[in-house]
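Structure first, then comments.
The figures here come from the full heavy-atom set of this structure, side chains too, leaving out hydrogens, waters and symmetry mates. Start at 1 and go down the list; that is how both ligands and their atoms are numbered.
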Amino acid sequence: MARAFNFCAGPAILPLEVLQQAQAELVDYQGTGMSIMEMSHRGKHYDAVHNEAIANIRELLNLSDDYAVLLLQGGASLQFAMVPMNFLPAGATADYVNAGSWGSAAVKQARLIGNVNLAADCEKDIPTRVPDASELKLTAGAAYLHLTSNETISGAQWKTFPKAPAPLFCDMSSDILSRPVDASQFSLIYAGAQKNLGPSGVTLVIVRKDLAAKTPKTVPAMLRYQTHIEADSLYNTPPCFSVYILALTTRWLKQYGLEKMFRRNREKAQLLYALIDASGFYRGTAKKECRSDMNVTFRLPTVELEERFCSEAAKAGMSQLKGHRSVGGVRASIYNAFPVEGVQALVAFMKDFEARNG
Ligand SMILES: Cc1ncc(COP(=O)(O)O)c(C=O)c1O
């Protein structure tokens, strides 16, 4: 069996054990004679999968009963709109940190709904970075402060989160469950699943129940967090197969725990950053203090060399290394499921490529 070292930023590599279990159970799920995709989402088999996914996330993040865990659809992109629709009332202001393309996308949607203050705006800074907590210009009485924990495109990541009097909301799409996080500092966390959690199609939302209970009833039912809290994320047909893979992926993750997974992720990233730092050929694009453990972004001396690098790497079994189309360069996305052997292979390839082209 040939599995590529798949560096895609998302949909990203999944644990092989998860794929193999899904394969084994695909046609006949637990003796039912049908797959999990073909049965009622209100039956006992799907119910067990749904509840396991939620329980695993609760356990991994050590969530108290103050939080609801929701499995929604529409990706993180729908959350860009749902968050202000639910939590940014007329006349109020929400603080947003814009440190990259995803923060900026969240700001654009929030501005359609209400007042937005840019607490910091470093989207265009080179090297790419997230701001220091001391730079934030916060609004007194803000409805919330919104951050993006890891800017997937620029490769900049918050290492510790700022404190603010307003409720802290965070788009964790590209580093959720990659490291231990004190979830109690957040009032709302959301993440599209397709990097660290499973396939696309399911979106994780963790929200404080007391805040969600206060959201306006004028928000349409599907877009209201309270609807999904009351229906235990079964208001309408859920993305059953995505939730099933989410349950398997979080079960896999529990064997490690977040502390161990974080150490593994950090070691993988350091292998690449050590080589980049020692090289005059490769240039990291993010500021050292905040460079991402998930998306390692770098440049080569010319665009032609970058293109050759990505195409030769692909031929050597290392695929999808091309940087995001909006910024170019090279991006190695090395989420939880990405094996250390793949990073070692990339390091060896990078040394060889430099020797031949440097
Ligand atoms: C940090 C971040 N936020 C939001 C999104 C958008 O997610 P989705 O495609 O699930 O809407 C992405 C996608 O890559 C992302 O990396």
Mind listing the closest non-hydrogen atom pair of Phe281 and Pro301 along with its distance? O-CD, 3.4 Å
Counting from 1, what ligand 1 atoms have a heavy atom of Ser173 closer than 4.0 Å? 1 (C), 2 (C), 3 (N), 4 (C), 15 (C)
Taking atom 7 (O) of ligand 1 as the reference point, the nearest protein heavy atom with its distance: Ala76 CB, 3.5 Å
Cluster check Tyr273, Phe353: I/L/V/M/F/W/Y, side chain < 4.5 angstrom: yes
Atom 9 (O) of ligand 1: closest protein heavy atom, distance to 0.1 Å, is Gln194 NE2, 3.4 Å
Numbering the atoms of ligand 1 from 1, which are under 4.0 Å from a heavy atom of Gly75? 10 (O), 11 (O)
Return the closest protein heavy atom for atom 11 (O) of ligand 1 as residue, atom name and distance. Ser77 OG, 2.6 Å
Applying side chain to side chain contact (heavy atoms under 4.5 Å, CB included), run through Thr285 and Val327 and close with a yes or a no. CA-CA 10 Å; Thr285 56; Val327 294; over 6 Å; no
Taking only heavy atoms of Asn150 into account, list the atoms of ligand 1 that are under 4.0 Å away from them. 1 (C)
For the residue pair Tyr29 and Tyr244, is the inter-centroid distance of their aromatic rings smaller than 6.0 Å? yes
Taking atom NZ of Lys254 as the centre, does the number of heavy atoms from other residues, nucleotides or ligands within less than 6.0 Å exceed 12? yes
Look at atom 3 (N) of ligand 1 and say which protein heavy atom is nearest, naming residue and atom and giving the distance to 0.1 Å. Asp171 OD2, 2.6 Å
Leu188 versus Phe87, closest heavy-atom pair with distance: CD1-CE1, 3.6 Å
If the contact criterion is a heavy-atom separation under 4.0 Å, does Glu151 count as touching ligand 1? no
Report yes if Thr148 has an N/O atom closer than 3.5 Å to an N/O atom of ligand 1; otherwise report no. no
Only heavy atoms of Thr152, strictly under 4.0 Å: list the atoms of ligand 1 that pass. 1 (C), 2 (C), 15 (C), 16 (O)
Nearest protein heavy-atom contact for atom 14 (O) of ligand 1: which residue, which atom, what distance? Lys195 NZ, 2.8 Å
Specify the closest pair of heavy atoms between Ala76 and Asp171, including all atoms of both residues, with the distance to one decimal. CB-OD1, 4.4 Å
For atom 13 (C) of ligand 1, what is the nearest protein heavy atom, given as residue, atom name and distance? Trp102 CZ2, 3.4 Å
Leu71 versus His50: any side-chain heavy-atom pair under 4.5 Å? yes
